[in-house]
Trainee: 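Please see the structure below; I have some questions.
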Amino acid sequence: MANQIKIKLKKSLIGSSEKQIKVVNGLGLKKVNQVVEQYDTPTIMGMINKVSHLVEIVK
């Protein structure tokens, strides 16, 4: 089983492209400073890479 990582939305989605907003929503993030747990899979890591300027991985 894959490990879980915590992902935090650190910036607002205002001014972001529609694709970036969909990726952030796909990660389960809705509000700034919200933290969600996701499994550490290549799909999730690819999504994080696409919006790395908006999210951060929390330990």
Trainee: To the nearest 0.5 Å, what is the distance between OG (S52) and CE (M47)?
Mentor: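 Going from OG on S52 over to CE on M47, the span is 13.5 Å.
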
Trainee: Might you work through the side chain to side chain contact (heavy atoms under 4.5 Å, CB included) test for K8 and N33, ending with a clear yes or no?
Mentor: CA-CA 6 Å; K8 179 180 180 180; N33 291 327; 3.3 Å; yes

Trainee: Is there a continuous path of hydrophobic side-chain contacts, each under 4.5 Å between heavy atoms, that joins V51 to M45?
Mentor: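 Same hydrophobic cluster.
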
Trainee: With side chain to side chain contact (heavy atoms under 4.5 Å, CB included) as the criterion, how do V36 and L9 come out once you've worked through the C-alpha distance, each side chain's angles and the decisive distance to 0.1 Å?
Mentor: CA-CA 9 Å; V36 295; L9 183 60; over 6 Å; no

Trainee: Nearest 0.5 Å, please: how far is CG in L27 from NZ in K22?
Mentor: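 Result: 14.5 Å between the selected atoms.
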
Trainee: Would you list the atom pairs, donor with acceptor, under 3.5 Å between side chains in residues 11-21 and any protein atom, with sequence neighbours excluded?
Mentor:
unit_1, atom_1, unit_2, atom_2, d
S12, OG, I14, N, 3.2
S16, OG, L13, O, 3.3
S17, OG, Q20, N, 3.3
Q20, OE1, S17, N, 3.3

Trainee: I'd like to check the side-chain contact (heavy atoms from CB on, under 4.5 Å) partners of K30; sequence neighbours left out, ordered by chain and number.
Mentor: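 Applying side-chain contact (heavy atoms from CB on, under 4.5 Å) to K30 gives N25, Q34.
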
Trainee: How many angstroms lie between atom CD1 of I57 and atom CG of D40, to the nearest 0.5 angstrom?
Mentor: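 These two atoms lie 7.5 Å from each other.
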
Trainee: Who passes side-chain contact (heavy atoms from CB on, under 4.5 Å) against K6, sequence neighbours left out?
Mentor: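 Residues passing side-chain contact (heavy atoms from CB on, under 4.5 Å) with K6: V35, E37, V58.
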
Trainee: Can you find a heavy atom in the side chain of I44 that is under 4.5 Å from one in the side chain of I7?
Mentor: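 In contact.
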
Trainee: With a 4.5 Å limit on heavy-atom distance, are the side chains of Q38 and I48 in contact?
Mentor: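 Sidechains of I48 and Q38: no contact.
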
